[in-house]
Trainee: 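One structure is given below, represented as structure tokens, and several questions about it will come after.
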Number of protein chains: 2
Amino acid sequence: MRDLAEHVGVEAASLYNHIQSKSEILQAICFKVANDFLSHLEAVQASPEPTLKKLELIIRFHIRMMMDQYEFVYISDHEWRHLPEPYLSNFLNQRRNYRRSLSDLIARGIERGEMKSIEPYVAVLTLLSAISGIESWHRSRKTIPPDVLENNMVKYLIEGLKK
Amino acid sequence: MRDLAEHVGVEAASLYNHIQSKSEILQAICFKVANDFLSHLEAVQASPEPTLKKLELIIRFHIRMMMDQYEFVYISDHEWRHLPEPYLSNFLNQRRNYRRSLSDLIARGIERGEMKSIEPYVAVLTLLSAISGIESWHRSRKTIPPDVLENNMVKYLIEGLKK
DNA sequence: CCTACCGATCGGTAGG
DNA sequence: CCTACCGATCGGTAGG
């Protein structure tokens, strides 16, 4: 809170005229990010694309969010553990549902013969955490341009699933 | 330190008869884990296997370490940021060299036509962070058995590279 | 290995 | 929005 206050140019105590608590900021960030991903997922699900293409769109969205909204996504990915109840349970529920939707999408892709036979939950875990590794790129000297990173990661993650 | 002391069954102050500082514990863990990975990598590099098989062995080792030594690997993966200098630079150097070795391995796999053409650095980033996502599985109710997780993740990560 | 503390830091409040 | 604090917690030390 002291650091934040300094960035804003006020005393730490003054922040409490604008917010209720530190965890209120955490809540705002976590649920904003969760909502962005959910909205995008629903838009993609409603589209007429084949399942593999849908998954590619979702992967690309995750990668771009990781690049453009890095700070927010990072907090939502790592600091959600410190959410107070009942927000913690709420957040975990949303995350579980989101991942289940991705699992279902992959299961459908397998049924339709678009994707290799693979345990959908493992595929979801693998690709989501692969994307969150962009963190390591973001913090580095970025010798690789963003679009090269995006396209190569998409290639790897899609080719690993494509039949 | 208070929690740790309680687990051991002594007062927090008493811990300092056995260690110099909190960060000494962090150092011990980070460099132990880094060393385990480096030793295994060198053993695999010395073997006569094709590059794709070498990479599979390395991936399997990472996955098993994540399952069997979860707490240590977790700390080494996330808490290294809090290492004091000069340990921090040392650790980052070791990590950079390790990743470079993996990149070189993949570059060779591509040259030899065993792997798809892909940016090696991106492939390394992708597969290493995919594996670190096992954290999420480890903390969950583990509806998926360890060997199913391992084999499916290996399948995904190897098939995505195989030509 | 313990008791008794220390100085720093943290999220947050009272009162203006 | 500030000054002046608070109680809790943290890594760590002194002295026995």
Side-chain angles (χ1 to χ4, degrees), chain A residues 1-37 65 69-95 132 135-136 138-139, chain B residues 1-37 65 69-95 132 135-136 138-139:
Chain A
M1 299 306 286
R2 263 89 174 169
D3 286 354
L4 205 165
E6 198 180 345
H7 268 81
V8 181
V10 300
E11 289 300 316
S14 306
L15 292 172
Y16 290 86
N17 287 294
H18 304 276
I19 60 163
Q20 288 271 351
S21 67
K22 186 186 160 187
S23 80
E24 192 185 85
I25 305 177
L26 181 59
Q27 290 160 38
I29 294 173
C30 288
F31 287 98
K32 171 76 171 77
V33 171
N35 233 291
D36 285 353
F37 282 123
M65 284 285 282
Q69 314 251 32
Y70 173 67
E71 281 81 7
F72 291 147
V73 177
Y74 178 87
I75 286 169
S76 176
D77 271 7
H78 293 86
E79 305 297 322
W80 59 263
R81 286 170 224 278
H82 303 109
L83 282 168
E85 291 289 4
Y87 302 98
L88 179 60
S89 298
N90 193 334
F91 184 84
L92 284 172
N93 268 329
Q94 280 189 235
R95 196 176 70 156
S132 81
E135 181 196 321
S136 192
H138 203 283
R139 288 179 187 273
Chain B
M1 298 307 285
R2 263 88 174 172
D3 285 355
L4 205 165
E6 199 180 345
H7 267 81
V8 181
V10 299
E11 289 301 315
S14 306
L15 292 172
Y16 290 86
N17 287 295
H18 305 277
I19 59 162
Q20 288 272 351
S21 66
K22 187 186 160 186
S23 81
E24 192 186 84
I25 304 175
L26 181 60
Q27 289 160 39
I29 294 172
C30 288
F31 287 98
K32 171 74 171 76
V33 172
N35 233 291
D36 285 353
F37 282 123
M65 284 285 281
Q69 314 251 32
Y70 174 66
E71 281 81 6
F72 291 147
V73 177
Y74 178 87
I75 286 169
S76 176
D77 271 8
H78 293 85
E79 305 296 323
W80 58 264
R81 287 169 222 277
H82 302 110
L83 282 169
E85 290 290 2
Y87 303 98
L88 179 60
S89 299
N90 193 334
F91 184 85
L92 284 172
N93 268 329
Q94 278 190 236
R95 195 175 73 157
S132 80
E135 182 196 320
S136 191
H138 203 284
R139 286 178 189 275

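Lettering of chains follows the sequences in order, A, B, ..., and the numbering in each one begins at 1.
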Trainee: Side-chain donor-acceptor pairs under 3.5 Å in residues 4-18 of chain B, sequence neighbours left out?
Mentor:
{"residue": "B/H7", "atom": "ND1", "partner": "B/D3", "partner atom": "O", "Å": "3.3"}
{"residue": "B/N17", "atom": "ND2", "partner": "B/S14", "partner atom": "O", "Å": "3.4"}

Trainee: Can you tell me if CD on B/Q20 sees more than 12 non-hydrogen neighbours from other groups inside 6.0 Å?
Mentor: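 At most 12 heavy atoms, drawn from other residues, nucleotides or ligands, come within 6.0 Å of this atom.
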Trainee: For A/R81 and A/H78, work out which heavy atoms get closest and say how close.
Mentor: NE-O, 3.9 Å
Trainee: If a stem is a run of at least 3 consecutive Watson-Crick or G-U pairs, both distances under 3.5 Å, which stems include DNA chain C?
Mentor: C:1-16 with D:1-16
Trainee: Indicate yes or no: at least one non-hydrogen side-chain atom of B/K32 is less than 4.5 angstrom from one of B/S76.
Mentor: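 When only atoms from C-beta onward are counted, B/S76 and B/K32 do not touch, as no gap falls below 4.5 Å.
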Trainee: Less than 4.5 Å apart, any side-chain heavy atom of A/R95 and any of A/F37?
Mentor: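 The answer is no, as the side chains (C-beta and beyond) never meet within the 4.5 Å cut-off.
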Trainee: What orientation do B/F31 and B/Y87 show, parallel under 30°, tilted 30 to 60°, or perpendicular over 60°?
Mentor: perpendicular
Trainee: Can you give the first and last nucleotides of DNA chain D, 5' to 3', that have an atom under 4.0 Å from a heavy atom of chain B?
Mentor: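 Endpoints of the contacted stretch of DNA chain D: D/dC10 to D/dT13.
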Trainee: In residues 15-22 of chain B, which ones come under 4.0 Å of DNA chain C, going by heavy atoms?
Mentor: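 Here the set is B/N17, B/H18.
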Trainee: Give the residues of residues 6-13 of chain B touching DNA chain C, defined as any heavy atom closer than 4.0 Å, sorted by residue number.
Mentor: B/V10, B/E11, B/A13
Trainee: Looking at B/Y74, I want to see if its OH is surrounded by more than 12 non-hydrogen atoms of other residues, nucleotides or ligands under 6.0 Å.
Mentor: yes
Trainee: Looking at residues at least two apart in the chain, or sitting in another chain, which of them share a ring-ring contact (aromatic ring centres under 6.0 Å, His included) with A/H82?
Mentor: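 Expected list: none.
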Trainee: What are the two closest heavy atoms between B/C30 and B/I75, and how far apart are they?
Mentor: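 It is SG-O, 4.4 Å.
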Trainee: Which heavy atom in A/I19 sits nearest to a heavy atom in A/I25, and how many Å separate them?
Mentor: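 What the structure gives for the nearest pair is CD1-CD1, 3.7 Å.
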Trainee: Using a cut-off of 6.0 Å, state whether more than 12 heavy atoms not belonging to B/F91 lie near its atom CZ.
Mentor: yes
Trainee: Between atom CG of B/D36 and atom CD of B/Q69, what is the distance when rounded to the nearest 0.5 Å?
Mentor: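 Going from the CG atom of B/D36 to the CD atom of B/Q69 covers 6.5 Å.
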